[in-house]
Amino acid sequence: MNRLPDAVFLDRDGTIMEDAHYIKSPTQVRLIPGAARAVKQLNDVHIPVIVVTNQSGIARGIFTVQDYEAVKDQFESLLRDEGAHIDASYYCPHHPSQTGPCSCRKPGTKMFEEGVRDFRLDPANVAYIGDRWRDVAVARKLGGRGIMISSPITTDEDRRLAQEQGFERVASITEAVDLLFDLTDKGNSP
């Protein structure tokens with residue numbers, strides 16, 4: 001059996017909750033089926049679950065930081081209703097065309113590095129799970145295990161990059177967490 005990771009970094013939109021493209025209202029929040037159960041599996045064995053999300057809608061003026069916080073609160077409330085919780089969330093409010101380059105926007109590593117520091121983690125023993133290449137590419141920079149979920153917004157280019165880099169590929173957050181627990185032999189599906 002593989003050693004369980006010290007922590008799991010999860011993308012939010014398209015990985016744990018449905019991606020409604022610039023979610024600005026709590027009424028738009030919908031958990032992906034099985035996501036709360038997957039997060040709870042990690043919670044039950046005391047693996048920190050850390051959300052890392054790009055939120056360029058803030059820089060673009062589509063929604064405010066307060067809107068982001070309201071969505072985050074609703075998202076976390078829905079998880080709590082199912083017995084799951086997020087240990088920490090980090091977000092990047094920037095977009096290069098609006099604010100110039102930054103080190104936090106994924107695939108940049110700043111948010112991940114902050115999580116590693118805050119939780120005193122060994123970056124070589126964490127898992128990065130998301131539905132875009134930028135969510136898992138950090139595994140090549142910091143170490144650790146990258147697992148890419150194939151969601152409706154995952155591009156063919158993202159799938160190609162994941163395959164070329166040898167990242168595991170699955171169809172859902174539940175399959176990704178099952179891989180961590182060695183409960184499935186999948187890992188190169190979609």
Side-chain angles (χ1 to χ4, degrees), residues 1-17 31-32 34-56 68-69 71-73 75-76 78-80 82-94 101-149 151 154 158 161-162 165-170 172-184 186-187:
M1 180 176 194
N2 291 333
R3 177 179 173 205
L4 290 174
D6 295 335
V8 176
F9 286 91
L10 295 174
D11 174 53
R12 189 188 75 178
D13 304 342
T15 299
I16 312 170
M17 89 182 200
L31 293 179
I32 289 175
R37 181 181 63 80
V39 170
K40 186 175 182 327
Q41 276 183 273
L42 299 168
N43 297 153
D44 287 348
V45 293
H46 308 289
I47 295 173
V49 177
I50 304 166
V51 169
V52 179
T53 180
N54 287 345
Q55 293 297 318
S56 68
Y68 164 78
E69 291 291 341
V71 167
K72 175 181 168 284
D73 290 346
F75 161 68
E76 291 181 359
L78 291 175
L79 285 173
R80 277 192 305 276
E82 295 196 41
H85 71 273
I86 301 297
D87 292 281
S89 289
Y90 300 87
Y91 73 97
C92 173
H94 308 118
C102 70
S103 58
C104 55
R105 182 173 171 78
K106 295 184 287 183
T109 59
K110 184 178 179 189
M111 292 186 289
F112 298 100
E113 290 168 345
E114 289 174 357
V116 164
R117 180 199 65 226
D118 294 348
F119 285 84
R120 297 184 180 150
L121 302 169
D122 173 359
N125 193 44
V126 299
Y128 308 94
I129 301 172
D131 66 326
R132 302 294 301 270
W133 169 251
R134 64 183 176 225
D135 302 325
V136 298
V138 68
R140 289 294 174 250
K141 296 176 184 175
L142 299 182
R145 185 175 183 182
I147 304 173
M148 196 171 78
I149 296 167
S151 80
T154 306
D158 286 342
L161 288 167
Q165 292 294 315
F167 287 139
E168 296 160 292
R169 299 174 320 280
V170 295
S172 68
I173 181 76
T174 55
E175 284 185 23
V177 170
D178 284 350
L179 273 179
L180 297 177
F181 284 94
D182 246 356
L183 298 175
T184 178
K186 294 181 183 178

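FYI, the numbering just counts along the sequence from 1. None of these values were measured; they are calculated from a predicted model.
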Supply the atom-to-atom distance I47 CD1 to L4 CG, rounded to the nearest 0.5 angstrom.
4.5 Å

Straight-line distance of L180 CG to R145 CZ, nearest 0.5 Å
5.5 Å

Partners meeting salt bridge (Lys or Arg N to Asp or Glu O under 4.0 Å) with D131 (sequence neighbours left out)
none

Give the minimum heavy-atom separation between I129 and I149, together with the two atoms involved.
CG2-CD1, 3.6 Å

Rounded to the nearest 0.5 Å, what separation is found between the CD1 atom of I86 and the CZ atom of R80?
10.5 Å

Flag the pair K72 and E76 as a salt bridge only when some basic side-chain nitrogen lies within less than 4.0 angstrom of an acidic carboxylate oxygen.
yes

Going by ring pair (Phe, Tyr, Trp, His ring centres under 6.0 Å), name the residues that satisfy it together with Y90, two or more places apart in sequence or in a different chain.
none

Is there a donor-acceptor pair closer than 3.5 Å between any side-chain N or O of Y128 and the backbone N or O of G143?
yes

Tell me if a side-chain donor or acceptor on S172 pairs with a main-chain N or O of E175 at a distance below 3.5 Å.
yes

Atom CZ of residue position R120 - does it have more than 12 heavy atoms of other residues, nucleotides or ligands inside 6.0 Å?
no

Would you call the rings of W133 and F167 parallel, tilted or perpendicular, where under 30° means parallel and over 60° means perpendicular?
tilted

Salt bridge (Lys or Arg N to Asp or Glu O under 4.0 Å) partners for K40, two or more places apart:
D44

